[in-house]
Amino acid sequence: MGKFWVIFVASISILLPFLCNSFSPETPTDRRVLVLLDDFAVKSSHSSYFNSLKLRGFDLDFKLADDPKIALQRYGQYLYDALILFCPSVERFGGSVDVAAIINFVDSGHDLIIAADVNASDLIREVATECGVDFDEDPSAMVIDHTGYAVSETEGDHTLIASDDFIKSDVIIGSKKIEAPVLFQGIGHSLNPVNSLVLKVLSASPSAYSANPLSKLSTPPSLTGSAISLVSVVQARNNARILITGSLSMFSNRFFRSGVQKSGSSTKYEKSGNEQFLTELSKWIFHERGHLKAVNVKHHKVVETDEPALYRINDELEYSVEIYEWSGTSWEPYITDDVQVQFYMMSPYILKTLSNDKKGLYSASFKVPDVYGVFQFKVEYQKLGYTSLSLSKQIPVRPYRHNEYERFIPTAYPYYGAAFSTMAGFFIFSFVHLYNK
């Protein structure tokens, strides 16, 4: 018995960290993060970025990308909530990890960060393609900008770019303005036009192009101008989030601490915008911002409080739902004015904007249409940077019963009067006729 107790306690001690830090709908922030590296030297050269994650409570597990023991799941359960690929040159993942396993990881609702560079392997390019972006096919190409480059002591080849063309979304990159340009050195990518879920977060300037900086251009470059994305994000339909960039060095301590001056500008910043930009972006990727949940979905007649089994045509009803946003530590009321509810049967019969009480409660009142059948209350909420909400509740609507119609219809009073006059005339005529006999 004592031996069994020792084994039980040892098992609990091993499993407890995973049980405490596991991803939960009630605390949606990713906690267990697997970081795959080409070389453990990246752990120290990019320590500022990793430390910012640790300070926010993330548990980082560093492994070499070709480690034969790595696995994303065991016994059908995922071991991690998010995956960071800082291994641009890996030719083959170790263990049970491959492209299909990574895509299944995302399809299961987990998050992913991919950082490539000029040495990006076909494997990393394939993972990026599966996520909706295409790196330049030329393996020697880099993003070059003779106008938007970062000023340095040596003229260089203008592959060190200082970009400040950010996406206009406070929820994705934070509400505090990023004052300094972001340093980028690496390969550019384009967005798959078929994939509407991919967004450019940091774009190249109109003067940029993608080419080999060590050779003269013999043909026009395939990627040019603002079509080049430096950093892109994806929010999948299952609300999993992905970050893709062609520069691993933009996460490095050197780029975090470097001063920056953009060509053509007289302003020199003591520190680049990399740390602020990537820290705020990681908060979005790991669901510390922009993650919504809906609770307490209710509907009832205006004069009642209980939810009925069905409605009658022309009933007055009230629909309500509470919506909250995860702040990274707690759920806060989500306040907006663009949440709508549909009363739907084949098509929306009623579309109503919900009013809110500034505390997370959204509600609307309306009359059931004069059509009976099986309806649905539907809320389909999609907004840039926020997780989508899809709510539906089915409810039948019946017609009036035979004994529920009004005995007299007000609009028919003229007809009632005419009929009464006709009948009265008939009785008078009959009475007079009988009296004369």
Side-chain angles (χ1 to χ4, degrees), residues 38-39 42 46 65 85-92 99 113-152 154-166 181-195 198-234 242-252 254-255 258 260 262-263 272 274 277-278:
D38 277 334
D39 190 323
V42 176
H46 294 59
L85 299 180
F86 278 7
C87 49
S89 63
V90 65
E91 295 290 344
R92 183 177 180 179
V99 174
I113 294 178
I114 305 171
D117 62 15
V118 71
N119 299 315
S121 65
D122 291 339
L123 181 63
I124 291 298
R125 290 171 180 270
E126 185 179 354
V127 175
T129 299
E130 290 290 335
C131 296
V133 309
D134 297 307
F135 286 115
D136 194 325
E137 294 180 357
D138 184 352
S140 59
M142 298 181 70
V143 181
I144 303 170
D145 193 341
H146 299 302
T147 302
Y149 62 90
V151 176
S152 59
T154 58
E155 184 65 17
D157 52 15
H158 298 167
T159 58
L160 180 59
I161 295 173
S163 177
D164 52 8
D165 190 0
F166 305 108
V182 169
L183 293 174
F184 177 96
Q185 189 170 39
I187 56 178
H189 61 268
S190 60
L191 309 188
N192 188 331
V194 178
N195 193 335
V198 191
L199 300 171
K200 284 190 288 187
V201 175
L202 183 65
S203 303
S205 74
S207 60
Y209 63 96
S210 179
N212 185 346
L214 302 179
S215 63
K216 292 183 178 181
L217 283 174
S218 58
T219 58
S222 57
L223 288 178
T224 59
S226 299
I228 300 175
S229 180
L230 307 179
V231 181
S232 297
V233 296
V234 182
I242 306 169
L243 183 154
I244 304 168
T245 179
S247 174
L248 177 59
S249 56
M250 72 183 301
F251 294 86
S252 67
R254 181 168 64 90
F255 277 31
S258 292
V260 59
K262 190 173 181 179
S263 60
S272 73
N274 289 50
F277 171 69
L278 292 171

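Not counting sequence neighbours, Ala227 has no partner by the side chain to side chain contact (heavy atoms under 4.5 Å, CB included) test. Residues passing the ring-ring contact (aromatic ring centres under 6.0 Å, His included) test with Phe251 are Tyr49, Phe86, sequence neighbours excluded. For Asp145, the side-chain hydrogen bond (donor to acceptor under 3.5 Å, both in side chains) partners are Ser205, Ser207, not counting sequence neighbours. Residues passing the side-chain hydrogen bond (donor to acceptor under 3.5 Å, both in side chains) test with Ser203, sequence neighbours excluded: none. Asp165 meets the side-chain hydrogen bond (donor to acceptor under 3.5 Å, both in side chains) test with no other residue; sequence neighbours excluded. Under the side-chain hydrogen bond (donor to acceptor under 3.5 Å, both in side chains) criterion, Ser272 pairs with Asn274, not counting sequence neighbours. Evaluation of the salt bridge (charged side-chain N to carboxylate O under 4.0 Å, His left out) rule for Asp38 yields no partner, not counting sequence neighbours. Every residue meeting the side chain to side chain contact (heavy atoms under 4.5 Å, CB included) condition with Thr224, not counting sequence neighbours, appears here in chain and number order: Tyr209, Pro221. For Pro206, the side chain to side chain contact (heavy atoms under 4.5 Å, CB included) partners at least two apart in sequence or on another chain are Ser226. Not counting sequence neighbours, the partners of Thr129 by the side chain to side chain contact (heavy atoms under 4.5 Å, CB included) test are Asp134.
Distance check, rounded to the nearest 0.5 Å: CZ of Phe135 to CG of Asp117 gives 9.5 Å. The CG atom of Asn119 sits 12.0 Å away from atom CD1 of Ile124, with the distance rounded to the nearest 0.5 Å. To the nearest 0.5 Å, atom OG of residue Ser247 and atom CG of residue Leu202 are 10.0 Å apart. Between the CG atom of Leu183 and the CG atom of Leu230 there is a distance of 11.5 Å, given to the nearest 0.5 Å. In this structure, CD1 on Ile187 lies 11.5 Å from CD1 on Ile228, to the nearest 0.5 angstrom.
Nearest heavy atoms, Ala204 versus Gly225: CB-O, 3.8 Å. Among all heavy-atom pairs drawn from Ser140 and Asn212, the shortest one is OG-ND2, 3.3 Å. In this structure, Ser249 and Ser252 approach most closely via the heavy-atom pair O-OG, 2.5 Å. The minimum heavy-atom distance linking Ile244 with Cys131 is given by the pair CD1-CB, 3.7 Å. What you find for Val260 and Ala150 is that their closest heavy atoms are CG2-CB, 4.4 Å.
A heavy-atom distance below 4.5 Å is not found between the side chains of Val133 and Ser229. Counting heavy atoms from C-beta outward, Asp136 and Ser222 have side chains that approach closer than 4.5 Å. Proximity of His189 to Ser232: side-chain heavy atoms (C-beta onward) are separated by under 4.5 Å at one or more points. Contact annotation: the side chain of Asp157 never approaches that of Ile144 to less than 4.5 Å [non-hydrogen atoms, C-beta and beyond]. Put simply, the side chain of Leu248 reaches to within 4.5 Å of the side chain of His46, judged on heavy atoms. Using a 4.5 Å cut-off on side-chain heavy atoms (C-beta onward), Val231 and Met250 make contact. Side-chain contact between Asn192 and Val198 is absent, with no heavy-atom pair separated by less than 4.5 Å.
In terms of modelled atom types and a separation under 3.5 Å, the side chain of Ser163 and the main chain of Val182 share no donor-acceptor contact.
With no hydrogens or angles considered, no side-chain donor-acceptor pair links Ser121 and Glu91 at under 3.5 Å.
Shown are Val234, Ile114, Ile113, Val201; of these, the side-chain contact (heavy atoms from CB on, under 4.5 Å) with Leu243 is made only by Ile113.
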